[in-house]
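All values below were derived from every heavy atom in this structure, side-chain atoms included, with hydrogens, water molecules and symmetry-related copies excluded. Per chain, numbering begins at 1; letters A, B, ... match sequence-line order.
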2 protein chains.
Amino acid sequence: MSFVIFLANQYPDMFSKACEYGIKAMIYVATQSLKGERVKIGDIVEKVGSPEAFTAKILGDLAKNGLIESLKGPYGGFYIRPDQMESTRIIQIVSVIDGDSIFLGCGLGLSECNAQKPCPMHSKFVKIRSELKNALESTTLLELANGIKSGQTILVR
Amino acid sequence: MSFVIFLANQYPDMFSKACEYGIKAMIYVATQSLKGERVKIGDIVEKVGSPEAFTAKILGDLAKNGLIESLKGPYGGFYIRPDQMESTRIIQIVSVIDGDSIFLGCGLGLSECNAQKPCPMHSKFVKIRSELKNALESTTLLELANGIKSGQTILVR
DNA sequence: TCTATTTTCGACAATTTTATCGGAAATAGA
DNA sequence: TCTATTTCCGATAAAATTGTCGAAAATAGA
Ligand code: FES
Ligand code: FES
């Protein structure tokens with residue numbers, strides 16, 4: 001008889017929570033911006049299922065990096081311009097929040113990923129990592145927002 | 001003029017540190033086990049570049065799950081049997097330490113990855129995730145140990 | 001049996017990530 | 001100018017991961 005003892009870590013996901021929240025918030029704001037509407041943080045977190053103050057911070061960071069507009073005061077909120085929506089790629093959101101070690105760094109944590117002196121997993125990782133990078137680079141915010149608008153995809157479960 | 005503000009998280013790698021250390025330690029122990037030698041934790045962490053007590057804990061967990069043998073006392077240490085070395089796949093190490101959310105979970109953190117009601121990134125992720133799973137499933141510890149033995153790959157930089 | 005060695009294990013500490021709070025700053029409208 | 005609204009931002013707290021310490025348990029050999 002044998003069974004597995006479980007003691008797995010809790011947050012070893014593809015992206016950090018901050019990054020998941022950031023991507024989903026951006027997508028929701030994009031859908032509303034397509035209708036010309038600014039959205040308040042309270043509305044965003046309701047649709048995305050994320051903590052309010054934390055999400056506000058993340059959107060603030062994305063605003064500093066020019067990926068989203070914000071306006072204070074009544075009738076204020078977050079907004080993504082049409083040109084921003086078309087030009088921003090998901091990889092930009094990920095880079096701001098999580099950095100680029102997931103596409104550039106060594107999968108086994110060597111200080112540098114180097115094909116001349118590779119880690120044992122290098123040849124297995126290189127292709128997957130570049131496909132991930134390519135996927136994030138090639139998909140625009142507009143594309144994902146359209147998926148939500150048409151009801152093909154969802155932001156919360 | 002425009003520049004990027006950096007505030008990226010610090011540990012959003014493919015695997016957790018614990019998992020990186022675990023994989024590298026297993027590979028090193030495997031190379032020595034090929035020579036019929038048991039290795040002490042002090043030797044392991046020297047070759048892997050990981051913190052001693054932390055690495056010992058991780059190896060203890062892997063031992064509980066039957067992926068490695070340990071023996072206390074003089075001439076004791078860690079050892080991987082030939083049958084273990086051939087049968088254990090990297091995915092088993094990852095599953096014990098990090099769980100399986102990286103190959104099974106939704107990339108945007110929805111409570112479940114569901115093709116009927118997918119998140120906006122689902123179609124982009126499904127292929128990459130399954131390739132990662134496949135890569136980790138198909139590579140054996142023995143294969144990676146041989147890479148180290150022949151000097152083609154390294155464990156520390 | 002005694003000693004030296006080495007893993008095991010619980011407690012604890014440090015660091016990072018996640019999350020909350022409260023008030024300042026900005027804005028729109030009255 | 002005053003008020004209400006909303007983002008911004010620093011301080012702080014909570015939780016998770018990473019890392020350390022010390023002593024118990026097991027083992028080999030004298
Ligand atoms: S050296 Fe490790 S992934 Fe390239
Ligand atoms: S539902 Fe998000 S990856 Fe499948």
Side-chain angles (χ1 to χ4, degrees), chain A residues 5 7-22 24-25 29 32 37-46 48-65 67-80 96-99 101-102 109, chain B residues 5 7-22 24-25 29 32 37-46 48-65 67-80 96-99 101-102 109:
Chain A
I5 295 96
L7 32 99
N9 276 345
Q10 204 149 344
Y11 288 138
D13 248 329
M14 181 94 79
F15 305 122
S16 69
K17 284 289 167 197
C19 195
E20 289 174 2
Y21 299 156
K24 290 194 281 189
V29 174
Q32 301 312 103
E37 286 177 13
R38 253 193 293 266
V39 276
K40 294 181 282 234
I41 188 65
D43 184 22
I44 297 171
V45 302
E46 187 188 317
V48 157
S50 59
E52 178 162 325
F54 193 35
T55 306
K57 276 234 159 95
I58 296 161
L59 287 178
D61 294 341
L62 293 169
K64 282 203 197 79
N65 282 272
L67 302 184
I68 189 174
E69 304 285 326
S70 66
L71 187 67
K72 295 175 187 172
Y75 301 93
F78 293 92
Y79 180 76
I80 299 175
V96 167
I97 303 174
D98 274 356
S101 74
I102 202 169
Chain B
I5 294 96
L7 31 100
N9 277 345
Q10 202 150 346
Y11 288 140
D13 248 327
M14 180 95 79
F15 305 121
S16 69
K17 284 289 168 198
C19 195
E20 291 175 0
Y21 299 156
K24 290 193 281 189
V29 174
Q32 301 312 102
E37 287 177 13
R38 254 192 293 267
V39 277
K40 296 183 279 239
I41 188 65
D43 184 21
I44 297 171
V45 303
E46 187 188 315
V48 157
S50 59
E52 177 162 327
F54 193 35
T55 307
K57 278 236 160 92
I58 296 162
L59 288 177
D61 294 342
L62 293 168
K64 283 203 196 79
N65 282 271
L67 302 185
I68 189 174
E69 303 285 327
S70 66
L71 186 66
K72 294 176 187 172
Y75 301 93
F78 292 91
Y79 180 76
I80 299 176
V96 166
I97 303 174
D98 275 356
S101 73
I102 202 170

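The side chain of B:Lys72 lies closest to D:dA25 when the candidates are D:dA25, C:dA19, C:dT27. Taking only side-chain atoms of B:Ala18, from C-beta outward, the nucleotide of C:dT18, C:dT20, D:dT18 with the closest atom is D:dT18. The side chain of A:Pro74 sits closest to C:dA28 out of D:dA28, C:dA28, D:dG19. With distances taken from any side-chain atom of A:Tyr75 to the nucleotides C:dT17, C:dA28, D:dT7, the minimum falls on C:dA28. Ranking C:dT17, C:dT20, D:dG19 by closeness to the B:Gln10 side chain, first place goes to C:dT17. Each of D:dT18, C:dT8, C:dT27 was ranked by its minimum atom distance to the side chain of B:Ser16; first place goes to D:dT18. Listed nucleotides C:dA19, C:dT17, D:dT18 differ in distance to B:Asn9; the shortest reach to its side chain belongs to C:dT17.
When the P atom of C:dT8 is taken as reference, atom CD1 of B:Ile41 falls 9 Å away, rounded to whole Å. Taking atom CZ on B:Arg38 and atom P on D:dA26, their separation rounds to 17 Å, with Å as the unit. The CD1-P distance, from A:Ile44 to D:dC8, rounds to 10 Å in whole Å. The NZ-C1' distance, from B:Lys57 to D:dA23, rounds to 13 Å in whole Å. Between the C1' atom of D:dT6 and the CD atom of A:Glu52 lies a distance of 10 Å, rounded to the nearest Å. Between the C1' atom of C:dT6 and the CG atom of B:Asp43 lies a distance of 13 Å, rounded to the nearest Å. Summarising the geometry, the separation between CZ on A:Phe54 and C1' on D:dA16 is reported as 13 Å, rounded to the nearest angstrom. Here the C1' atom of nucleotide C:dT6 and the CD atom of B:Glu37 are 17 Å apart, to the nearest Å.
Between atom CD1 of residue A:Ile41 and atom CG of residue A:Leu59 there is a gap of 5.0 Å, rounded to the nearest 0.5 Å. Atoms CD and OH, on B:Glu37 and B:Tyr79 in that order, are 10.5 Å from each other to the nearest 0.5 Å.
Shown here, D:dT18 forms a base pair with C:dA13; the pair counts as Watson-Crick or G-U wobble because both key distances fall under 3.5 Å. Pairing of D:dA30, defined by two Watson-Crick or G-U wobble distances under 3.5 Å, is identified with C:dT1.
The shortest distance between side-chain heavy atoms of B:Asp61 and B:Ile97 does not fall below 4.5 Å. Side-chain contact between B:Val29 and B:Ile68 is present, with at least one heavy-atom pair separated by less than 4.5 Å.
Along DNA chain C, the nucleotide nearest B:Val39 and the nucleotide nearest A:Asp98 are compared for position; the residue whose nucleotide lies closer to the 5' end is B:Val39. Across the interface with DNA chain D, nearest-nucleotide mapping of B:Leu71 and A:Ser70 shows A:Ser70 to be the residue nearer the 5′ end. Annotation: of the two residues near DNA chain D, A:Gly73 and A:Gly60, the 5′-most nearest-nucleotide partner is A:Gly73.
Taking every heavy atom of both residues into account, A:Ala18 and B:Asn9 meet most closely at CB-ND2, 4.3 Å.
Counting only distance, with no hydrogens or angles, the side chain of B:Asp98 and the backbone of B:Ser16 share a donor-acceptor pair below 3.5 Å.
Within 4.0 Å (heavy atoms only), B:Ala63 reaches no atom of the nucleic acid at all. Residue A:Ala53 is in base contact, counting any heavy-atom pair closer than 4.0 Å across all strands shown. When heavy atoms are screened at a 4.0 angstrom cut-off, B:Gly77 is found touching the sugar-phosphate backbone but no base atom.
Taking 4.0 angstrom as the limit, B:Lys64 places a side-chain polar atom (N or O) nearer than this to OP1 or OP2 of C:dC9. Taking only side-chain nitrogens and oxygens, B:Lys40 comes nearer than 4.0 Å to OP1 or OP2 of C:dT6.
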